[in-house]
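Below, each value reflects all heavy atoms present in this structure, side chains not excepted, and no hydrogens, waters or symmetry copies.
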Amino acid sequence: MAKTTAKDAQDLFRALRSAYAATPTKLKIIDLYVVFAIFTALIQVVYMGIVGSFPFNSFLSGVLSCVGTAVLAVCLRIQVNKDNKEFKDLPPERAFADFVLCNVVLHLVIMNFLG
């Protein structure tokens, strides 16, 4: 049973890797940005766990900024993806402009929350 599970996991990993190899470079860059934002949020949570959360508003602002940026980047990835039929009429420039505008609004709210 354990051998078939390991073999199935290896087959799944190979299939995902071969499918991701066909992904356009623009989408891979957005994926890297999402991973970086989530990794930054995790570093902040670990730091808060080790050092403490004295300025709690600052901690929340930092983590919510990272998570919000990652969510907006995922939305950008969905809109820019050519395989997605729902946004086929939306030009990539418009999707990027929406991403930038939403990031500006997000970070204005985050700066306001900092106090």
Side-chain angles (χ1 to χ4, degrees):
M1 181 73 178
K3 289 184 180 182
T4 59
T5 305
K7 184 180 182 311
D8 291 341
Q10 288 175 349
D11 291 342
L12 178 65
F13 183 70
R14 279 192 207 105
L16 287 174
R17 189 172 6 154
S18 66
Y20 194 71
T23 303
T25 306
K26 283 194 273 188
L27 296 180
K28 288 180 181 179
I29 291 171
I30 295 172
D31 291 342
L32 188 63
Y33 181 70
V34 170
V35 168
F36 173 73
I38 296 299
F39 183 69
T40 305
L42 289 175
I43 287 174
Q44 290 178 9
V45 169
V46 169
Y47 179 80
M48 190 264 319
I50 294 172
V51 176
S53 64
F54 166 60
F56 195 64
N57 284 357
S58 298
F59 164 70
L60 282 180
S61 294
V63 171
L64 292 177
S65 173
C66 292
V67 172
T69 301
V71 168
L72 291 175
V74 168
C75 293
L76 175 67
R77 187 190 195 284
I78 290 170
Q79 291 177 358
V80 172
N81 191 358
K82 295 294 182 193
D83 295 335
N84 193 351
K85 304 294 185 217
E86 191 172 333
F87 296 103
K88 66 180 178 179
D89 296 332
L90 184 72
E93 294 83 11
R94 164 75 191 273
F96 186 71
D98 290 346
F99 171 73
V100 170
L101 179 67
C102 290
N103 260 314
V104 167
V105 171
L106 171 72
H107 286 91
L108 285 173
V109 170
I110 294 296
M111 291 298 286
N112 187 34
F113 185 70
L114 274 172

Distance, nearest 0.5 Å, that separates [atom1] of [X] from [atom2] of [Y]:
X	Y	atom1	atom2	answer
Q44	S61	CD	OG	9.5 Å
R77	K26	CZ	NZ	12.5 Å
H107	L64	NE2	CG	10.5 Å
N84	L90	CG	CG	10.0 Å
N103	D98	CG	CG	11.5 Å
F96	L101	CZ	CG	12.0 Å

Determine, step by step, whether L114 and S58 satisfy the side-chain contact (heavy atoms from CB on, under 4.5 Å) criterion, reporting the C-alpha distance in whole Å, the side-chain angles of both residues, the deciding distance to 0.1 Å, and the verdict. CA-CA 6 Å; L114 274 172; S58 298; 3.8 Å; yes
Heavy-atom closest pair, residues [X] and [Y]:
X	Y	result
T69	F99	O-CE1, 4.4 Å
F113	L60	CE2-CB, 3.8 Å
S65	L106	O-CD2, 4.1 Å
V67	A41	CG2-CB, 4.3 Å
C66	T40	SG-CG2, 3.6 Å

Go through it in stages, so that I can follow the logic: the residues are V80 and F87, the test is side-chain contact (heavy atoms from CB on, under 4.5 Å), and I'd like the CA-CA distance, side-chain angles, deciding distance and then a yes or no. CA-CA 8 Å; V80 172; F87 296 103; over 6 Å; no
Any chain of hydrophobic side-chain contacts (each under 4.5 Å) joining [X] to [Y]?
X	Y	value
M111	V105	no
I50	V45	no
F59	V51	no
I110	V100	yes

May I ask you to test the T25-I29 pair for a side-chain heavy-atom distance under 4.5 Å? yes
I would like to know whether L12 and D8 meet side-chain contact (heavy atoms from CB on, under 4.5 Å); could you show each step before the answer? CA-CA 6 Å; L12 178 65; D8 291 341; over 6 Å; no
Around atom OH of Y20, are there more than 12 heavy atoms from other residues, nucleotides or ligands closer than 6.0 Å? yes
K28, NZ atom: more than 12 neighbouring heavy atoms under 6.0 Å: yes
